[in-house]
Amino acid sequence: MADLIVPPALRPGDAIAIVPTARSTNADELRDGIALAESWGLRVKLGHGIGRKHFQQSGTPSQRAADLRAAFDDPEVKAIWCARGGYGTVHLLKHLD
């Protein structure tokens, strides 16, 4: 059995990314979650898909995967919150390393 990898706890000043991996959403719908993260002293970075709409999704699968990859690759980002999950998220797997 592989060892469990436990990331370090978030600290005030750390950045989190909020990325919509499925259904579209906008910054106004995320207002309460953003306020909560900021009340904990976290810096919030919104993914490029926030506000974007492709049918019901926040972009094509490759656009959403690129947004998620950008959050993974950002050295400032210590955690990723999925703004909206659901069925559309599964379609990202084939686009990720």
Determine, using the 4.5 Å side-chain heavy-atom cutoff (strictly less than), whether [X] and [Y] are members of one ILVMFWY cluster.
| X | Y | answer |
| --- | --- | --- |
| Ile50 | Ile16 | yes |
| Val77 | Trp81 | no |
| Leu93 | Val19 | no |
| Val44 | Leu10 | yes |

Check this for me, if you would: do [X] and [Y] make a salt bridge, where the nitrogen-to-carboxylate-oxygen distance has to be below 4.0 angstrom?
| X | Y | value |
| --- | --- | --- |
| Lys45 | Asp74 | yes |
| Arg11 | Asp14 | no |
| Glu38 | Arg43 | no |

How many angstroms lie between [atom1] in [X] and [atom2] in [Y], if you round to the nearest 0.5 Å?
| X | Y | atom1 | atom2 | value |
| --- | --- | --- | --- | --- |
| Leu68 | Cys82 | CG | SG | 6.5 Å |
| Arg52 | Ser24 | CZ | OG | 10.5 Å |
| Phe72 | Leu96 | CZ | CG | 6.5 Å |
| Lys78 | Leu42 | NZ | CG | 12.0 Å |

Would you name the heavy atoms of [X] and [Y] that are closest together and state the gap between them?
| X | Y | answer |
| --- | --- | --- |
| Arg64 | Ser58 | CD-OG, 3.3 Å |
| His95 | Pro61 | NE2-CB, 3.6 Å |
| Arg23 | Pro20 | O-CB, 4.1 Å |

(message) Which residue in the set Leu92, Asp67, Ile80, Val90 passes side chain to side chain contact (heavy atoms under 4.5 Å, CB included) when paired with Thr21?
(response)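 When side chain to side chain contact (heavy atoms under 4.5 Å, CB included) is applied between Thr21 and each of Leu92, Asp67, Ile80, Val90, only Leu92 qualifies.
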(message) Listing request: all ring pair (Phe, Tyr, Trp, His ring centres under 6.0 Å) pairs with a residue in residues 21-56, at least two apart in sequence or in separate chains.
(response)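 Of all non-adjacent pairs touching residues 21-56, none passes ring pair (Phe, Tyr, Trp, His ring centres under 6.0 Å).
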(request) Output all residues satisfying side chain to side chain donor-acceptor pair (under 3.5 Å) with Thr25, sequence neighbours left out; order by chain, then residue number. (result)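 With sequence neighbours excluded, Thr25 shows a side chain to side chain donor-acceptor pair (under 3.5 Å) to Glu29, given in chain and number order.
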(message) Quick one, Val6 and Leu4 - any side-chain contact, counting heavy atoms below 4.5 Å?
(response)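 Side chain of Val6 against side chain of Leu4, heavy atoms only: contact under 4.5 Å found.
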